[in-house]
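Everything on this sheet refers to the single structure shown next.
Hydrogens, waters and symmetry mates are skipped; everything else that's a heavy atom, side chains included, is used. Everything numeric here is computed off the predicted structure, so don't read it as measured data. For the single chain, residues carry numbers from 1 onward in sequence order. Whatever order the structure lists them in is the order used to number ligands and atoms, beginning at 1.
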Amino acid sequence: MQRKIIIDTDPGQDDAVAILLALASPDELDVLGITAVAGNVPLALTQKNARIVCELAGRPDVPVFAGCDRPLKRALVTAEHVHGKTGLDGPVLPDPLMPLQDAHAVEFIIQTLRREPAESVTLCPLGPLTNIATAMQAAPEIVPRIAQIVLMGGAYFEVGNITPAAEFNIHVDPEAAEIVFGSGVPLTVMPLDVTHKALVTQARNAAFRGLGTRVGVAVAEMTDFFERFDKAKYGSDGAPLHDPCVTAFLLRPDLFSGRHVNVEIETEGRFTAGMTVADWWGVTGRAPNAMFMGDLDADGFFALLTERLGRL
Ligand SMILES: [Ca+2]
């Protein structure tokens with residue numbers, strides 16, 4: 001049975017791979033639309049990159065919407081130091097021919113949730129949560145209609161990547177994250193604790209390139225690019241593919257394990273704004289609100305990813 005999803009994203013090379021994985025899996029996933037948000041790079045680039053990726057997948061029919069160009073209450077923080085000037089540095093890909101939709105991303109999210117049967121649409125945020133929180137605030141009646149939210153963001157054992165305490169997506173817009181984590185919608189969270197286990201080693205990257213397709217080579221070139229940053233920073237074998245954990249979970253939840261715990265968002269900390277305070281050890285008595293993932297079958301994940309990318 002197909003699951004209806006909206007991908008909310010700030011591409012980003014790893015966002016691109018997450019989108020490609022979803023579009024390569026039409027038997028399981030019906031991508032109703034892709035909504036872009038400011039994050040890794042400004043909105044003008046993320047909405048363009050989303051369309052570049054749809055065209056790379058041979059899916060110019062997927063509607064792409066531009067959303068919020070800044071966080072709810074803060075100045076935008078971007079990550080060109082990781083993703084390059086375009087956000088999608090690495091492969092040389094043509095400018096998109098497919099149009100950007102006229103409607104605002106938030107309006108698309110609201111209208112889609114009103115139109116589709118209750119609890120039939122899953123939201124898949126891969127960037128700061130600004131679009132999702134804005135939709136929840138503008139139309140609170142849509143909140144109980146969301147089937148679930150599967151998102152990449154946060155960290156507990158791995159702590160932070162953009163600050164010592166905070167992961168990038170949550171740090172960029174902690175007020176938006178607070179709204180989403182407090183919404184009561186069932187949440188599945190892919191924090192750095194799990195995404196840092198999805199490492200593109202040389203052999204895994206060779207498998208992408210070895211597909212010999214335009215998509216396989218482009219994905220290999222994307223991971224080549226941002227691998228330089230992560231290798232230097234973490235001294236690891238390769239770069240983590242954060243966002244594809246979200247779409248992989250929709251296809252193969254058995255590859256992931258975690259705990260259903262309480263997660264609160266720090267919005268005020270002098271050093272810790274954007275920290276996901278996960279009650280992993282159950283010490284607070286606060287009600288669980290998120291399935292917080294901690295482990296991944298990395299070989300299974302890359303086997304799935306490579307096989308699916310080979311279909312495009
Ligand atoms: Ca992202």
Side-chain angles (χ1 to χ4, degrees), residues 5-23 31 33-54 56-57 64-71 76-90 105 109 122-133 149-155 158 160-162 166-174 176-177 180 187-196 198 200 219 222-223 225-227 229-230 239-250 274 276 293 305:
I5 67 170
I6 295 172
I7 300 176
D8 188 71
T9 176
D10 63 337
Q13 291 91 348
D14 60 320
D15 301 73
V17 179
I19 294 167
L20 291 169
L21 177 58
L23 295 179
V31 182
I34 295 178
T35 52
V37 68
N40 287 325
V41 287
L43 181 68
L45 290 170
T46 59
Q47 58 89 348
K48 178 183 169 191
N49 290 344
R51 290 181 292 141
I52 289 173
V53 174
C54 288
L56 176 63
V64 174
F65 302 83
C68 300
D69 64 359
R70 75 193 68 161
L76 178 65
V77 175
T78 54
E80 284 88 353
H81 62 294
V82 183
H83 299 277
K85 198 156 54 73
T86 67
L88 216 49
D89 279 21
I109 292 168
T122 295
L123 303 183
C124 302
L126 309 176
L129 290 160
T130 319
N131 285 345
I132 309 299
I149 296 175
V150 183
L151 68 90
M152 190 276 139
E158 290 278 309
N161 61 355
I162 188 74
E167 178 277 333
F168 178 81
N169 288 345
I170 308 295
H171 177 74
V172 170
D173 199 343
V180 171
L187 299 181
T188 299
V189 178
M190 298 294 167
L192 298 180
D193 306 332
V194 64
T195 68
H196 277 179
V200 187
V219 167
M222 286 182 210
T223 54
F225 180 84
F226 73 89
E227 182 176 271
F229 169 79
D230 285 285
L241 275 181
H242 306 283
D243 293 342
C245 289
V246 168
T247 38
F249 174 79
L250 298 176
T276 46
M293 291 302 179
L305 186 53

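When every heavy atom of N161 is checked against every heavy atom of E167, the shortest pair comes out as OD1-CA, 3.2 Å. Shortest non-hydrogen contact noted between A22 and I5 is CB-CD1, 4.3 Å.
Take A105 and apply the side-chain contact (heavy atoms from CB on, under 4.5 Å) test, not counting sequence neighbours, and it matches T35, F65, N131. Residues forming a ring pair (Phe, Tyr, Trp, His ring centres under 6.0 Å) with F225 (at least two apart in sequence, or on another chain): none. In terms of the side-chain hydrogen bond (donor to acceptor under 3.5 Å, both in side chains) criterion, residue partners of H242 (sequence neighbours excluded) are, by chain and number, T195.
Excluding waters, the count of protein N/O/S atoms less than 3.0 Å from the Ca ion (ligand 1) comes to 5.
Side-chain contact, D89 with T86: a donor N or O sits under 3.5 Å from an acceptor N or O.
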